[in-house]
Engineer: 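One structure is given below, represented as structure tokens, and several questions about it will come after.
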Number of protein chains: 2
Amino acid sequence: MGQGGYELLWGNPAGPGRGRPAGLSRERIVAEAVAIAAAEGLPRVSMKHLAERLGSGVMSLYRHVPGKDELVALMYDSIMSTPPDLPADQGWRAALTAWAHAVRDLFLAHPWALPLATVNHVLGPGEAGWLDSAMRAVGASGFATDLSLASVMAVNNYVGGAVRPELHGGQEDPLWFTFLADDGAMQRFPALADLVTEGHFQESALLRDHFSFGLERLLDGLERYLEPGSGQGASLT
Amino acid sequence: MGQGGYELLWGNPAGPGRGRPAGLSRERIVAEAVAIAAAEGLPRVSMKHLAERLGSGVMSLYRHVPGKDELVALMYDSIMSTPPDLPADQGWRAALTAWAHAVRDLFLAHPWALPLATVNHVLGPGEAGWLDSAMRAVGASGFATDLSLASVMAVNNYVGGAVRPELHGGQEDPLWFTFLADDGAMQRFPALADLVTEGHFQESALLRDHFSFGLERLLDGLERYLEPGSGQGASLT
DNA sequence: GCTAATTAGCGTACAGCATACGCGCACGTG
DNA sequence: CACGTGCGCGTATGCTGTACGCTAATTAGC
């Protein structure tokens, strides 16, 4: 799974040879695969289906892509081809906030990509660009490099987890707590039962904006560590 | 994918019928599947391989499990059958810290389960128990229910993302930054290049303990929100 | 312009996967 | 002893990714 994918992601496209010209291209294949994943889901991206969409034979794809796993790795990196625009003159917190929301928007736009982020993979040029943009923005405030990376990683780790619940239904999954309506589950999980009896999920702004809530808490904590002097109060923005 | 898995996870085991007694059982199947995943990885859990391990025919499994997807859902929930022990009398922060490390240990013990956590799934009794234990511990400090849930979710979201880098090689993946040794990648990603030229990844305690670092920052931020009065300093523990 | 080298396109074949169907058998109950 | 219920499972089907080798198209050298 992406073990030998290093040269694949970083290798040069190899100049125009002297043989038969290519009708297909790696870019066209990857782009069409991403389109299928967006429209029909990642499981529908099969070599057969993909070839049909491209009007080519199945095995022709293997002239441009070593295999399915590598294709998926290319799909994943391709959605990060352009790093986000971050505010440059408003400090690290504003930059990290913008970055976190950009990452979130990216995975909301490409729901199929989130599980791939959780799997170990080789860092491609796209993802490197996103990482670099965050590191530059934080490093501009003068922090040590490892401290910058640890902060960016903390935010990145949080965002990956926080986006997941938003992918399914929009708000917090109603199916999740169906079981509480049943028999003795209320006694088995009293703290969860409170959620239902108190009727949250419909009203709570905290839960509707749980992404921003957690992000602000994390940034508050980073701020306390990075700038021990500033004694800001906490507020939900 | 776990769409109709609701009754599966929460349904009763159905009393002993009056037909031929079952040699196989759902529990034995799930336990063996977990053992295979632990020893050989999740992709090796195929119905054929699983049946061979159990000394039964392939199709016999379908008498006890509706299908592969549901089996995986049962595997996932089964590793959370016993909720963690949390310190009850040391406040919400100690409890959440212990809970976060328990979740981390769980996924380190079952690396195959982490990608499943990222995918949308029906909440099973095991995961509900873990969630409930955290909610009870935080709720004991008297916070509103939705605030407790938002805090627990924030920690849970962070943990899921932070465990991933630890699964691959132990420390931060060396392969990740191989490309920086190459050509003009150093100019393309200057902030990442600094990481290499400064020689972190070998020495930085911050990066070695990035899990704890991010967790402490998040908990600091939650503390500032939940207990605005306490003006604790920040420290890396 | 002809020939040789190079490369793209792709049909066929194969191993592996989940699983629908239906038969036969073992057991508890009458 | 016979009945019926539920279990074990062999067979068959359609899907998956991909190794192999042939054919066609184009360019480089003569």
Side-chain angles (χ1 to χ4, degrees), chain A residues 1-5 8 11-30 32-33 36-37 40-76 112 116 119, chain B residues 1-5 8 11-30 32-33 36-37 40-76 112 116 119:
Chain A
M1 188 94 77
Q3 192 67 355
L8 191 269
N12 293 329
R18 34 196 167 287
R20 175 179 178 173
L24 284 149
S25 73
R26 177 173 292 178
E27 284 178 8
R28 222 160 64 82
I29 291 173
V30 172
E32 190 66 34
I36 293 175
E40 314 176 46
L42 191 59
R44 293 275 322 200
V45 177
S46 72
M47 301 307 264
K48 183 163 153 36
H49 192 189
L50 178 55
E52 282 166 0
R53 290 289 179 116
L54 290 164
S56 76
V58 179
M59 293 313 292
S60 306
L61 305 176
Y62 287 88
R63 290 279 175 199
H64 304 269
V65 161
K68 175 80 180 289
D69 288 351
E70 290 85 350
L71 170 64
V72 173
L74 286 167
M75 291 171 64
Y76 179 77
W112 52 270
L116 302 178
V119 140
Chain B
M1 188 97 77
Q3 191 68 355
L8 190 270
N12 293 330
R18 36 194 168 286
R20 175 178 178 174
L24 256 49
S25 73
R26 176 173 292 177
E27 283 178 9
R28 221 159 66 81
I29 292 174
V30 172
E32 191 65 34
I36 293 175
E40 314 175 47
L42 191 59
R44 293 276 320 195
V45 178
S46 72
M47 301 307 263
K48 183 162 153 36
H49 191 189
L50 178 55
E52 284 167 359
R53 290 288 180 117
L54 290 165
S56 76
V58 179
M59 293 314 291
S60 306
L61 305 177
Y62 288 88
R63 289 277 175 199
H64 305 269
V65 161
K68 175 82 179 287
D69 289 350
E70 289 85 352
L71 170 64
V72 173
L74 285 169
M75 291 171 62
Y76 179 77
W112 53 270
L116 302 178
V119 138

Engineer: Looking across every strand, which nucleic acid part, if any, lies under 4.0 Å from A:Ser46 by heavy atom: base, sugar-phosphate, or nothing?
Structural biologist: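 Sugar-phosphate, backbone atoms only, no base.
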Engineer: Starting from C1' on C:dA18, measure out to CZ on B:Arg44 and report it in whole angstrom.
Structural biologist: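 Rounded to whole Å, this separation is 16 Å.
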Engineer: Can you tell me how far P of C:dC14 sits from CE of A:Met47, to the nearest Å?
Structural biologist: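 My rounded result for the distance is 21 Å.
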Engineer: For the CG atom of A:Leu54 and the CD1 atom of A:Ile29, what is their distance to the nearest 0.5 Å?
Structural biologist: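 The CG atom of A:Leu54 sits 6.5 Å away from the CD1 atom of A:Ile29.
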Engineer: Which nucleotide wins on minimum distance to the side chain of A:Met59, given the candidates C:dA20, C:dT12, D:dG17?
Structural biologist: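 So the nucleotide nearest the side chain must be C:dT12.
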Engineer: Taking only the side-chain nitrogens and oxygens of B:Ser60, find out if one of them lies under 4.0 Å from OP1 or OP2 of D:dG8.
Structural biologist: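 No, B:Ser60 has no side-chain N/O under 4.0 Å of OP1/OP2 on D:dG8.
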Engineer: Can you tell whether the side chains of A:Arg28 and A:Glu32 come within less than 4.0 Å, N to carboxylate O?
Structural biologist: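 No.
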Engineer: Just the rounded figure in Å: distance from P of C:dC25 to CG of B:Leu24.
Structural biologist: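 Value for this atom pair: 20 Å.
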Engineer: Using atom NE2 of B:His49 as one end and atom P of C:dA18 as the other, report the distance to the nearest whole Å.
Structural biologist: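 Distance check: B:His49 NE2 to C:dA18 P gives 12 Å.
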Engineer: Which whole-number value in Å describes the distance from B:Ile29 CD1 to D:dC9 P?
Structural biologist: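 Checked: the CD1 to P distance equals 11 Å.
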Engineer: What is the distance from atom CZ of B:Arg26 to atom CG of B:Leu61, rounded to the nearest 0.5 Å?
Structural biologist: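 Spacing of CZ (B:Arg26) from CG (B:Leu61) equals 12.5 Å.
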Engineer: Taking atom CE of A:Met47 and atom NZ of A:Lys68, what is their separation to the nearest 0.5 Å?
Structural biologist: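 Going from the CE atom of A:Met47 to the NZ atom of A:Lys68 covers 7.5 Å.
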Engineer: Closest nucleotide of DNA chain C for B:Lys68 versus for B:Arg63: which of these residues is on the 5' side?
Structural biologist: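 Taking each residue's closest nucleotide, the earlier one in sequence belongs to B:Lys68.
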Engineer: Using whole Å, what does the distance between atom C1' of nucleotide D:dT16 and atom CG of A:Leu50 come to?
Structural biologist: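 Taking CG of A:Leu50 and C1' of D:dT16, I get 14 Å after rounding.
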Engineer: Rounded to whole angstroms, how far apart are CG on B:Leu61 and P on C:dC17?
Structural biologist: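 In whole Å, C:dC17 P and B:Leu61 CG are 13 Å from each other.
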Engineer: Could you state the OH-C1' distance from B:Tyr62 to C:dA20, rounded to the nearest angstrom?
Structural biologist: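 Between C1' of C:dA20 and OH of B:Tyr62: 10 Å.
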Engineer: Which of these nucleotides, C:dA8, C:dT19, D:dT18, is closest to any side-chain atom of A:His64?
Structural biologist: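 Nucleotide nearest to A:His64's side chain: C:dA8.
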